[in-house]
Amino acid sequence: MVTLEQVKLLDTRVTKTVEYIKKLTAENSHLKSRLDSSLQRIEEMQALINRFKEDQGRIEEGILSALNRLNQFEDALGSILPEVSNSAESSLPADEPLPDPINGTPMTGEKSSGNNQPARKKTAGAEKIQNQPQTRQAEEPDEPSPVIELDIF
């Protein structure tokens, strides 16, 4: 036979179990809502990552395009400069130095190539200029040499 105490004990256990199930149900719904918000945030982050990847690709393409244009410009400038310097040298008498494009004064033997390479050694025309003051000094010892060498690079 079932006693009254056993029924009360069963009733308390059922009540505790119902409360525990309610608590677990509430915790489950809370965890589901956190999961939903986390999944939504993951989707937003994935969209940002994809946008950043696309932007990075465009930036890299832009940089490569700019570098290619600079190389083309440098190549074009490199092919034009020898022509300009050859025509400038042929238009000046061989005894006069080439004018400095920055300040207009006569340049001495070393020329800058404009592309951060070491300056070229003195040319034959520049050697004539270098030799010219020495002959003047022999003739006119009182005057100092007018040739001033400038090291640009």
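Computed over heavy atoms, backbone and side chain alike; hydrogens, waters and symmetry mates excluded.
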Are Glu54 and Arg58 ion-paired here, with the side-chain N under 4.0 Å from a carboxylate O? yes
Looking at Asp11 and Lys8, does any basic side-chain N land under 4.0 Å from a carboxylate oxygen? no
Distance in Å, Glu19 CD paired with Ile21 CD1, rounded so as to fall on 0.5 Å steps: 11.0 Å
Would you compute the distance between atom CD1 of Ile63 and atom CG of Leu70 and round it to the nearest 0.5 angstrom? 12.0 Å
CA sep, side-chain torsions, deciding dist, call: Leu9, Glu5, side chain to side chain contact (heavy atoms under 4.5 Å, CB included): CA-CA 6 Å; Leu9 187 62; Glu5 271 184 35; over 6 Å; no
Rounded to the nearest 0.5 angstrom, the CG-CZ distance for Leu31 and Arg34 is 6.5 Å
Reported CG-to-CG distance for the pair Asp75 and Asn71, which is rounded to 0.5 angstrom: 6.5 Å
Starting from the C-alpha separation in whole Å, work towards a yes-or-no answer on side chain to side chain contact (heavy atoms under 4.5 Å, CB included) for Glu74 and Leu77. CA-CA 5 Å; Glu74 186 181 48; Leu77 192 61; 5.6 Å; no
Gap between atom CD of Glu61 and atom CD1 of Ile59 - 0.5 Å precision: 10.5 Å
So that I can tick it off, tell me whether Glu44 and Arg41 are bridged by a salt bridge, with the cut-off set at under 4.0 angstrom between side-chain N and carboxylate O. yes
List, by chain and number, the other hydrophobic cluster members for Tyr20, where Ile, Leu, Val, Met, Phe, Trp and Tyr join if side-chain heavy atoms come within less than 4.5 Å, directly or indirectly. Leu24
Should Leu10 and Gln6 count as side-chain neighbours, where that means a heavy-atom distance under 4.5 Å? no
